K.L.:
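My questions all concern the structure below.
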Amino acid sequence: MSRFKSDFLHTLDERGFIHQISDEAGLDELFAKETVTAYIGFDPTAPSLHAGGLIQIMMLHWMQQTGHRPISLMGGGTGMVGDPSFKDDARQLMTIDTIESNIASIKRVFSNYLSYGDGTKDAMMINNGDWLRDLNYLEFLRDVGRHFSVNRMLSFDSVKTRLDREQSLSFLEFNYMILQAYDFVELNQRYGCRLQMGGSDQWGNIVNGIDLGHRMGTPQLYALTSPLLTTSSGAKMGKSLNGAVWLNPDMLSAYDFWQYWRNTEDADVSRFLKLYTTLPMDEISRLAALGGSEINEVKKILATEVTAMLHGRSDAEQAAETARKTFEEGALADNLPSIEVPTAELDAGLGLLALIVKAGLATSNGEARRHVQGGAVRINDVAISDERKVIGSAEVTGDGVIKLSLGKKKHILVRPA
């Protein structure tokens, strides 16, 4: 029996999205009786979000699926400051042009999860730069800043951890939580927004917004946070050995995205099916009960379902088929990731270590050397043990490529250009 009567909170609860709620009974009552508007903020620190932010997008997705109105708030204003929460040092400041370019790039993935429009339940994409960039500083201090207690702000964990390590927290960054709190009030006044959601590291910032709203005369506002996720081995979600697992297809292919989820640790499969797919709970329970070698088939289902939401069903199934051909048949699949190397370079010969780095399979010659010494590197499916080997035109196969492999799961096609 669910502890919630509203569809939205019941869905989030059974799928493992809920860490904290500011007023469980009050929020559940609100969702049960009316169409609720809620938001999550996304800071444009890069041209793409990565898989670590996918849990937040899925929360907005389920909100719309259960009949409510989600807002994806782009930090065009707050991005000029940077969220200092639990960071060791200040973020690099970005220009407005960089921020706007990042926002335009980030926006592209949201329509795969949310339906935007002008209807009462259509999602909205809003930029907080619309109101933050034109604020009059003195008026803002008088009308908003006076409601904040520095003593209380210093008590938040996100600030305390920075100060306890005796690391500088600039006045600029200290203002971030005031701006985020003001966003909540502004969104309530403009759009009737009653709930802010985010990761558990945002709890203090969100509660700040609730308190500011109370002081500035809004209706009761609410907070809901999700757990900060790590894999069972303690790795941060959205990070792989090769770096960030980007959501934008121009920064990470559907195949590489599929592979990230295919490599999920056994202990995480059930949890990830609940959080990152829309499969029904009874089907997830059935899949989670499978063990032994069948767990690998479940991982493929997880990878295909997560990839289908982001890249489309066709690209997801093609990624699965590419993997099957490559790993089960040993075939050379055309849609494996590839790099182009000038024909002149191949004619002259390219050092194996340099090629491994060029292909993104190692970050340095030293790391590439360790891979070779460990027997993990193959050229055209033949193991290479000589780290001084030169790769050239002679290695180009009848398919017109060189297949460079690291271990069993990473393959790059080297194409003469």
Side-chain angles (χ1 to χ4, degrees), residues 20 22-23 27 30 36-45 56 60 69-87 90-91 93-94 96 99-100 102-103 106 124-159 162 169-225:
Q20 273 180 291
S22 57
D23 173 5
L27 187 60
L30 186 69
V36 178
T37 299
Y39 88 98
I40 296 177
F42 298 89
D43 268 345
T45 52
Q56 314 301 338
L60 293 176
R69 184 169 69 160
I71 294 175
S72 44
L73 183 72
M74 297 291 115
T78 44
M80 296 176 71
V81 177
D83 184 359
S85 298
F86 299 98
K87 301 290 185 295
R91 291 186 186 276
L93 294 182
M94 297 183 292
I96 288 181
I99 290 169
E100 290 302 320
N102 285 351
I103 287 175
I106 287 169
M124 294 186 289
M125 182 158 302
I126 295 166
N127 186 335
N128 65 12
D130 291 350
W131 55 83
L132 292 181
R133 287 181 188 168
D134 295 329
L135 284 175
N136 180 301
Y137 186 59
L138 290 177
E139 285 180 6
F140 185 72
L141 283 179
R142 184 191 63 200
D143 297 340
V144 178
R146 66 190 175 91
H147 295 300
F148 286 85
S149 158
V150 171
N151 308 51
R152 185 158 179 268
M153 292 163 76
L154 289 172
S155 74
F156 287 140
D157 287 342
S158 57
V159 174
R162 183 89 159 260
L169 180 72
S170 72
F171 179 68
L172 177 73
E173 295 173 285
F174 199 55
N175 272 268
Y176 184 92
M177 63 181 77
I178 299 178
L179 296 177
Q180 184 172 333
Y182 182 65
D183 280 346
F184 202 173
V185 173
E186 191 74 26
L187 286 169
N188 174 263
Q189 291 173 345
R190 290 181 180 224
Y191 306 105
C193 182
R194 300 289 298 277
L195 168 67
Q196 182 183 169
M197 301 186 289
S200 58
D201 60 336
Q202 293 297 312
W203 180 256
N205 288 342
I206 300 174
V207 169
N208 239 348
I210 293 174
D211 188 50
L212 179 63
H214 178 71
R215 294 169 187 270
M216 294 184 71
T218 67
Q220 179 63 54
L221 304 179
Y222 299 90
L224 188 159
T225 58

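Note that the structure is a prediction, hence the values are computed from the model and not measured.
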K.L.:
With a 4.5 Å heavy-atom cut-off, do Ile40 and Gln202 have their side chains touching?
P.N.:
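With C-beta onward as the side chain, the pair stays apart.
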K.L.:
How far apart are the closest heavy atoms of Tyr222 and Ile206, and which atoms are they?
P.N.:
O-CG2, 4.3 Å
K.L.:
Is a side-chain N or O of Asn127 found less than 3.5 angstrom from the main chain of Gly129, in a donor-acceptor match?
P.N.:
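Side chain of Asn127 to backbone of Gly129: a pair is present.
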K.L.:
Say you draw a straight line from CZ of Arg152 to CG of Leu154; how long is it, rounded to the nearest 0.5 Å?
P.N.:
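Spacing of CZ (Arg152) from CG (Leu154) equals 12.0 Å.
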K.L.:
For Arg142, does its backbone N or O pair with a side-chain atom of Arg146 as donor and acceptor, under 3.5 Å?
P.N.:
yes
K.L.:
Quick check: closest heavy atoms across Val185 and Thr218, and the distance to 0.1 Å?
P.N.:
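Scanning both residues, the minimum pair turns out to be CG1-CG2, 4.1 Å.
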K.L.:
Tell me yes or no: between the side chains of Gln180 and Gln196, is some donor less than 3.5 Å from an acceptor?
P.N.:
yes
K.L.:
Can you find a pair of side-chain heavy atoms, one from Asn188 and one from Pro219, that are under 4.5 Å apart?
P.N.:
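Yes - at least one pair of side-chain heavy atoms lies under 4.5 Å apart.
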K.L.:
Is Phe148 close to Asp211 at the side-chain level, that is, under 4.5 Å between some pair of heavy atoms?
P.N.:
no
K.L.:
Quick one: CG on Leu179 to CG on Asn208, what's the gap to the nearest 0.5 Å?
P.N.:
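Nearest 0.5 Å value for the CG-CG distance: 11.0 Å.
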K.L.:
Are Leu221 and Leu212 side-chain neighbours, meaning at least one heavy-atom pair lies under 4.5 Å?
P.N.:
no
K.L.:
Checking Arg194 side chain against Gln220 main chain: does a donor-acceptor pair fall under 3.5 Å?
P.N.:
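A pair under 3.5 Å: yes.
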K.L.:
Mind checking whether Met197 and Leu60 have side chains closer than 4.5 Å, heavy atoms only?
P.N.:
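With C-beta onward as the side chain, the pair touches.
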K.L.:
Within the structure provided, determine whether Tyr182 and Asp143 are in side-chain contact (heavy-atom separation under 4.5 Å).
P.N.:
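They are not in side-chain contact.
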K.L.:
Is Asp43 close to Met94 at the side-chain level, that is, under 4.5 Å between some pair of heavy atoms?
P.N.:
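No; the side chains remain at least 4.5 Å from each other.
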K.L.:
Kindly indicate whether the side chain of Phe184, heavy atoms from C-beta on, has any atom under 4.5 Å from the side chain of Leu73.
P.N.:
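The answer is no, as the side chains (C-beta and beyond) never meet within the 4.5 Å cut-off.
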K.L.:
Classify the side-chain pair Asn128/Tyr39 by whether it contains a donor and acceptor separated by less than 3.5 Å.
P.N.:
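Checked: Asn128/Tyr39 side chains show no N/O donor-acceptor pair below 3.5 Å.
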